[in-house]
Structures are given as C-alpha cells and as structure tokens.
Amino acid sequence: MKKIAVLTSGGDAPGMNAAIRAVVRYGIDKGLKVMGVRRGYAGLINGEIFEMTRHSVSDIIHRGGTILKTARCEEMKTEEGRKKAVNVLNVFGIDGLIIIGGDGSFKGAQVLSKLGVATIGLPGTIDNDLAYTDVTIGFDTALNTVLDAINKIRDTSSSHERVSVVEVMGRNCGDIALYSSIAGGAEKVIIPEKGYDLNDLCKTILEGKRRGKLHNLVILAEGVGGAKELASKVEEITGIESRATVLGHIQRGGHPSSFDRILASRLGARAVDLLIEGKSSRVVGRRDGAIIDMDIDEALSMKSEVNEELYELSRILSY
Ligand code: ADP
C-alpha cells in the first residue's frame with residue numbers, strides 16, 4: 001500500500017472534514033501518498049483527483065460540510081460507471097480507497113471491492129441509520145443543532161400556550177427525533193419505527209394542558225410524515241393552537257461537536273491502519289466506546305433497530 005485516496009459521498013455531515021484531515025495526516029505519517037477525490041463517485045469517474053498534503057487539510061477540523069464536496073452519482077449504479085471508476089483508480093495508481101458516507105455510499109464501496117479495489121467505509125451521516133455502529137459522524141452535532149432549536153421553540157410555545165410540532169431529519173431512522181426528544185424534554189416523539197395514533201396523541205396533549213403544562217412539544221421524524229399536516233389535525237381535534245416547524249438543512253451544517261471531531265479523527269486513523277494491514281471491504285465504527293471494524297456485507301445486512309429503553313424513557317419522562 002503506497003498510495004490511497006479519500007472521498008466523501010451522499011448527504012454531507014458535520015465532522016466529514018475532521019475525518020478527511022485524519023486520513024490525510026495519519027496516512028502521510030505512515031509514509032503513504034494520500035489523494036483527494038472531489039465530488040464523491042461522480043468525481044472519481046471523472047478523474048477529479050489531486051494529491052493532498054498536511055497543509056491542504058489545515059484549518060478545517062472545525063468546519064461543517066466537506067472540503068472535498070459531495071455528490072450523488074447515478075452512473076456509479078451502472079456496470080459501465082463502476083468500470084470507469086476502477087480504471088481511473090488504476091490510472092492514478094491508487095491502491096486503496098476510503099469512502100466517507102452513508103449506506104448508499106457503502107453500497108458503492110461494496111461493489112468496488114468486488115471489482116478488486118481495496119475499500120474501507122467511514123460512517124458519515126447525521127441520520128445514525130447504520131446498525132453496525134452506535135454512532136455515525138455528524139449525529140451528535142445534528143442532535144445539538146436540533147436541541148438548540150427546540151429550546152428556542154419551547155420559549156415561544158410556552159408564551160403562547162401552543163402545541164409545537166417540530167419536524168427533524170433522519171430519513172427512515174428515528175434516532176435524531178428520539179434522542180432530541182429526551183434531551184429537549186419533549187412531550188411526545190413520533191418515529192417511523194413506532195408510528196403513532198392521532199387520537200392518543202391528542203389525548204396526551206389535552207391531558208397535559210389540564211395538568212397545567214405550558215407547552216406541548218411534539219418531535220416528528222421526517223420519515224413519518226409532514227409537520228404542517230399533523231399540526232393542523234391536532235389543532236382541529238384539540239382546539240389548541242398548533243404550529244409546525246420544519247428544521248430542514250440547518251441540521252446538516254455547523255461546527256462539528258467535540259464528540260464528532262474526536263470520533264472522526266479516530267475512525268479516519270483506523271481506516272488507514274486497515275489499508276496498511278492489507279484489509280479491504282470493511283467499515284469502521286464505534287461500539288461501547290471502542291473503535292471497531294467489520295465486513296461491509298455483514299454491516300449492510302444489519303437492520304437498524306430502535307433503542308426500546310430510550311423510547312420508553314422518553315415516554316415516562318414526558319409527563
Ligand atoms: P448516502 O451515502 O448518504 O446514503 P446515497 O444513498 O445518495 O447517500 O448514496 C450516495 C451515492 O452512493 C449514490 O449517489 C451513488 O453514487 C452511490 N450508490 C448508492 N447505491 C449504490 C449501488 N447500489 N451501487 C453503486 N453505487 C451506489
């Protein structure tokens with residue numbers, strides 16, 4: 001292993017830059033040449049590849065987004081596109097590729113490894129929807145962004161004695177909603193893994209009001225449905241003024257938290273070590289505080305499950 005490359009793919013996440021920095025600096029420290037690929041798989045296919053130095057990753061550890069840019073690339077899903085990607089890697093003499101992204105990006109890594117490229121995946125997504133790892137890079141930062149918003153919405157919600165439905169990201173995974181509901185002291189969390197009953201929800205809201213609750217915060221995961229629609233149904237049934245807030249892309253930006261920076265740094269270093277050891281087709285993650293790696297096929301076959309203990313805790317602490 002003499003020359004490796006790194007790319008970011010799929011949805012961006014705060015902490016991706018810290019991971020790139022770790023790969024570049026750790027790789028150079030181990031005597032490797034480290035190349036950067038711009039715009040994910042699209043840039044790989046087009047040969048947008050350049051050498052990175054210790055200096056090229058200066059002043060990025062605290063920045064959200066990704067200096068390498070990211071893209072979605074349909075061509076990578078075709079046989080022709082994948083072949084082009086392999087050819088480009090050969091032309092540049094690249095022996096190993098580190099892919100920072102979510103499950104879609106990992107599928108790309110999986111096919112490249114089957115075509116003989118040494119690949120290692122790093123979990124970069126705010127959604128926390130990869131079952132093999134307790135946390136993904138960006139999740140903690142997104143959670144803190146949501147929490148900041150909830151704190152502010154709570155103030156105005158209390159003043160007006162309203163119901164506030166806050167829609168958060170996470171695709172089909174309810175983790176951002178669940179964790180932020182506990183940290184933000186929400187009255188109700190609605191996640192795709194559990195669904196909800198509208199009458200039960202309205203009953204909880206009315207009972208809360210009767211007991212003197214000043215506000216009713218409902219955290220809704222995007223995978224369940226729209227916040228506006230839910231707020232208007234709640235208002236119609238309960239008679240309590242209800243407002244919807246869709247947090248949207250602010251959840252994907254901002255300075256990464258210390259947790260995400262350290263996680264990304266550790267995962268980046270492990271990915272480089274794996275390539276040096278001649279490993280391929282693996283993904284790196286964190287379990288019970290330790291950095292782990294796992295076969296990519298096995299990791300992708302694991303189903304993301306909701307943390308039942310936290311879901312129950314959220315319910316108990318909310319009234
Ligand atoms: P994320 O990595 O955040 O889950 P996507 O699901 O959009 O984001 O995937 C990112 C990119 O990974 C896609 O645009 C595509 O280039 C690549 N990709 C996704 N699925 C496959 C697949 N089955 N085969 C090859 N490449 C894929």
Side-chain angles (χ1 to χ4, degrees), residues 5-17 19-20 23 37-49 64-66 68-89 97-133 135-142 168-176 192 221-223 248-249 251-253 256 260 263-264 267-268 271 280-285 294 296-304:
V6 55
L7 63 79
T8 49
S9 164
D12 67 338
M16 278 182 163
N17 278 329
I20 296 166
V23 167
V37 181
R38 282 202 187 87
R39 297 184 182 82
Y41 292 121
L44 177 60
I45 288 169
N46 293 329
E48 292 182 60
I49 297 175
T66 157
L68 290 177
K69 311 288 180 203
T70 180
R72 295 205 151 90
C73 169
E74 285 306 307
E75 205 180 348
M76 187 61 194
K77 295 182 182 167
T78 68
E79 208 169 309
E80 208 189 326
R82 292 162 182 175
K83 271 192 195 143
K84 273 195 212 165
V86 175
N87 288 343
V88 169
L89 287 166
L97 180 62
I98 294 173
I99 289 132
I100 307 168
D103 62 343
S105 304
F106 281 7
K107 282 179 196 146
Q110 201 176 23
V111 292
L112 285 179
S113 69
K114 294 205 163 71
L115 293 170
V117 180
T119 58
I120 305 290
L122 289 197
T125 167
I126 64 164
D127 300 336
N128 208 35
D129 58 352
L130 292 161
Y132 79 93
T133 179
V135 277
T136 54
I137 298 166
F139 175 62
D140 182 68
T141 305
V168 302
M169 283 184 164
R171 294 203 284 190
N172 295 316
C173 177
D175 277 13
I176 294 180
E222 67 178 351
H249 279 88
Q251 294 162 91
R252 292 249 291 262
D260 276 328
L263 176 70
L267 297 183
S280 171
S281 196
R282 297 193 76 75
V283 288
V284 184
M294 185 187 265
I296 196 166
D297 294 337
E298 196 184 340
L300 283 177
S301 69
M302 289 172 73
K303 208 175 156 295
S304 187

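By convention here, the first residue in the shown sequence is residue 1. When a ligand or atom number is given, it counts from 1 through the structure's own listing order. None of the values given here were measured: they were computed from a predicted structure. Values below: every heavy atom of this structure, side chains too, minus hydrogens, waters and symmetry copies.
Counting protein heavy atoms only, atom 18 (N) of ligand 1 is closest to G104 O, 3.2 Å. For atom 24 (N) of ligand 1, the nearest protein heavy atom (residue, atom name, distance) is R82 NH2, 3.0 Å. Scanning the protein heavy atoms around atom 13 (C) of ligand 1, the nearest turns out to be C73 N, 3.9 Å. Nearest protein heavy-atom neighbour of atom 23 (N) of ligand 1: K107 CB, 3.8 Å. Protein heavy atom at the shortest distance from atom 8 (O) of ligand 1 is G10 CA, 3.4 Å. The closest protein non-hydrogen atom to atom 5 (P) of ligand 1 is R72 NE, 3.7 Å. Among all non-hydrogen protein atoms, the one lying nearest atom 25 (C) of ligand 1 is M76 O, 3.3 Å. Among all protein heavy atoms, the one lying closest to atom 2 (O) of ligand 1 is S105 OG, 2.5 Å.
Set against the non-hydrogen atoms of Y41, the atoms of ligand 1 under 4.0 Å away are 12 (O), 16 (O), 17 (C). Here is the list of ligand 1 atoms found below 4.0 Å of a heavy atom in S9: 10 (C), 11 (C), 12 (O).
Put simply, the residue from T136, L300, D127 that forms a side chain to side chain contact (heavy atoms under 4.5 Å, CB included) with D103 is L300. Checking each of V111, I98, I99, V283 against T119 for a side chain to side chain contact (heavy atoms under 4.5 Å, CB included) leaves exactly one that passes, namely I99. Here the options are V37, I20, T70, I49, the test is side chain to side chain contact (heavy atoms under 4.5 Å, CB included), and the partner is L7; only V37 passes.
Looking at E79 against ligand 1, nothing comes within 4.0 Å, counting heavy atoms.
The shortest N/O to N/O separation between K77 and ligand 1 does not fall below 3.5 Å. Taking any N or O of D103, backbone or side chain, at least one lies under 3.5 Å from an N or O belonging to ligand 1. Note: an N/O pair closer than 3.5 Å links G102 and ligand 1 by distance alone. At least one N or O atom of G11 sits closer than 3.5 Å to an N or O atom of ligand 1.
A donor-acceptor contact shorter than 3.5 Å links the side chain of Y41 to the backbone of S105. Checked by atom type and distance alone, the side chain of Y132 pairs as donor or acceptor with a backbone atom of V284 at under 3.5 Å.
Distance check, rounded to the nearest 0.5 Å: CD1 of I137 to CG of L267 gives 5.0 Å. Expressed to the nearest 0.5 Å, how far CG of D12 lies from CG of L68 amounts to 12.0 Å. Summarising the geometry, atom CG belonging to L89 is positioned 10.0 Å from atom CD1 belonging to I45; distances are rounded to the nearest 0.5 Å.
Applying the side chain to side chain donor-acceptor pair (under 3.5 Å) rule to K83 yields no partners; only residues at least two apart in sequence or on another chain are considered. Here K69 pairs with nothing under the salt bridge (Lys or Arg N to Asp or Glu O under 4.0 Å) rule; sequence neighbours left out.
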